[in-house]
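Everything below concerns the one structure shown next.
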Amino acid sequence: MQKILVSACLMGHAVRYDGRSKPLLHPAIERWRAEGRLVTICPEMSAGMPVPRPPAEIENGATGADVLAGTARVVEITGGDVTAQFWQAAENALRLATEEGCRLALLIDGSPSCGSGFIYDGSFAGTRLSGSGVTAALLQQAGVEVYSDRDIEALLTRLAEIEKPTT
């Protein structure tokens with residue numbers, strides 16, 4: 001049985017920067033939960049970040065891959081540099097995925113940590129750009145297939161492909 005790393009906020013945990021959750025309501029979630037497939041993590045909380053916390057974005061239109069390459073920072077709206085915490089968060093998520101054998105991840109989009117389809121551009125003006133957050137980028141670099149909450153149908157299809165019995 002293939003396990004899936006999943007953002008804690010999607011599972012209803014109030015761990016987002018604003019102290020809220022963003023539960024993903026889909027029949028597959030309940031089925032996967034009952035089957036014991038889901039491995040839940042909030043990367044930022046695993047790195048010791050508080051809830052609530054100031055909003056953070058990757059600066060200057062950069063992406064998580066840029067942060068991992070050392071060419072960009074993650075900054076809070078207050079100006080605080082939280083790059084080290086986001087690095088630790090990503091490493092924690094990858095370690096958990098590896099320990100649990102997760103080849104797939106379902107992460108909340110838009111997050112500077114978990115975003116995989118889009119993130120925000122660092123202006124704190126709500127401007128989206130295509131790209132991944134730090135955790136999503138590290139997982140992808142390690143070979144974990146990352147799906148956003150908007151792509152759960154694609155994840156269902158991929159899971160069926162992986163687990164299809166061979167004849």
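Hydrogens, waters and symmetry mates play no part in the numbers below; they use all other heavy atoms, side chains included. Numbering starts at 1 and runs along the sequence shown.
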* Can you measure from CD (Glu44) to CZ (Arg53) and round to the nearest 0.5 angstrom? => 4.5 Å

* Is there a donor-acceptor pair under 3.5 Å between the side chain of Gln2 and the backbone N or O of Gly101? -> yes

* To do: Taking all heavy atoms of Val15 and all of Ala8, pick out the closest pair and write down the distance.
  => CG2-CB, 4.0 Å

* Does Met45 belong to the same Ile/Leu/Val/Met/Phe/Trp/Tyr cluster as Val82, with side-chain heavy atoms less than 4.5 Å apart forming each link? -> no

* Asked: With a 4.5 Å heavy-atom cut-off, do Leu155 and Trp32 have their side chains touching?
  -> yes

* Asked: Quick one: do Leu107 and Leu138 end up in the same hydrophobic cluster if we chain Ile, Leu, Val, Met, Phe, Trp and Tyr together by side-chain heavy atoms under 4.5 Å apart?
  -> yes

* Could you give the distance from CD (Glu100) to CG (Leu38), rounded to the nearest 0.5 Å? -> 11.5 Å

* **Pairwise distance OG1(Thr83) to CD1(Ile58) - rounded to 0.5 angstrom** => 9.0 Å

* Taking all atoms of both residues into account, what is the closest heavy-atom pair of Ser116 and Asp109, and its distance? -> N-OD1, 2.9 Å

* Asked: Going only through I, L, V, M, F, W and Y residues with side-chain contacts under 4.5 Å, is there a path from Tyr17 to Ile77?
  -> no

* To do: Measure the spacing between CG of Leu106 and OG1 of Thr40 and express it to the nearest 0.5 Å.
  => 10.0 Å

* **Contact check, side chains of Ile29 and Leu10, non-hydrogen atoms, under 4.5 Å** => no

* If every non-hydrogen atom of Ser132 is compared with every non-hydrogen atom of Ala137, which pair is closest and at what distance? -> CB-N, 4.1 Å

* Asked: Out of curiosity, does Val51 fall in the hydrophobic cluster containing Met11 (side-chain heavy atoms, cut-off under 4.5 Å, transitive links)?
  -> no

* To do: Please round to the nearest 0.5 Å and tell me the distance separating atom CD of Glu99 and atom CG of Leu5.
  => 11.0 Å

* Asked: Under 3.5 Å, is there a donor-acceptor pair between the side chain of Asn60 and the main chain of Gly122?
  -> no

* To do: Determine, stepwise, if the pair Arg16 / Ser111 fulfils side-chain contact (heavy atoms from CB on, under 4.5 Å).
  => CA-CA 9 Å; Arg16 290 171 45 91; Ser111 161; over 6 Å; no

* Asked: Looking at Met1 and Arg37, what are the two nearest heavy atoms and their distance?
  -> CG-NH1, 3.4 Å

* Asked: With distance as the sole test, does Ser7 use its side chain to make a donor-acceptor pair with the main-chain N or O of Cys9 at under 3.5 Å?
  -> no

* Asked: Salt bridge or not for Arg33 and Glu30, using N-O below 4.0 Å?
  -> yes

* Asked: Between the main-chain N or O of Pro43 and the side-chain N or O of Asn92, is there a donor-acceptor pair closer than 3.5 Å?
  -> no

* Asked: Is the side chain of Asp121 donor-acceptor paired with the backbone N or O of Leu129 at a distance under 3.5 Å, no angle test?
  -> no

* **Heavy-atom side-chain proximity of Cys42 to His13 below 4.5 angstrom** => no

* Do you know which two heavy atoms are closest between Ile41 and Ala93, and how far apart they sit? -> CD1-CA, 3.7 Å

* Taking Ser130 for the side chain and Phe118 for the main chain, is one N or O donor matched with an acceptor at less than 3.5 Å? -> no

* Within 6.0 angstrom of Arg31 CZ, more than 12 heavy atoms from elsewhere -> yes

* Asked: Would you call Ile119 and Glu57 a side-chain contact if the rule is heavy atoms closer than 4.5 Å?
  -> no

* Without swapping roles, check the side chain of Thr71 against the backbone of Asp66 for a donor-acceptor pair under 3.5 Å. => yes

* Can you measure from CG (Leu159) to CD (Glu145) and round to the nearest 0.5 angstrom? => 10.0 Å

* To do: Following the transitive rule for hydrophobic clusters with a side-chain heavy-atom cut-off under 4.5 Å over Ile, Leu, Val, Met, Phe, Trp and Tyr, establish whether Tyr147 and Ile152 coincide in one cluster.
  => yes

* Side chains of Met49 and Phe86: does their closest heavy-atom pair fall under 4.5 Å? -> yes

* Structure fact -> Given the options Thr98, Val144, Leu104, Val134, Leu139 meets side-chain contact (heavy atoms from CB on, under 4.5 Å) only with Val144

* Within-4.5 Å side-chain heavy-atom neighbours: Ile108 and Cys114 -> yes

* To do: Determine the minimum heavy-atom distance between Leu94 and Ala142, stating which atoms define it.
  => CD1-CB, 3.5 Å

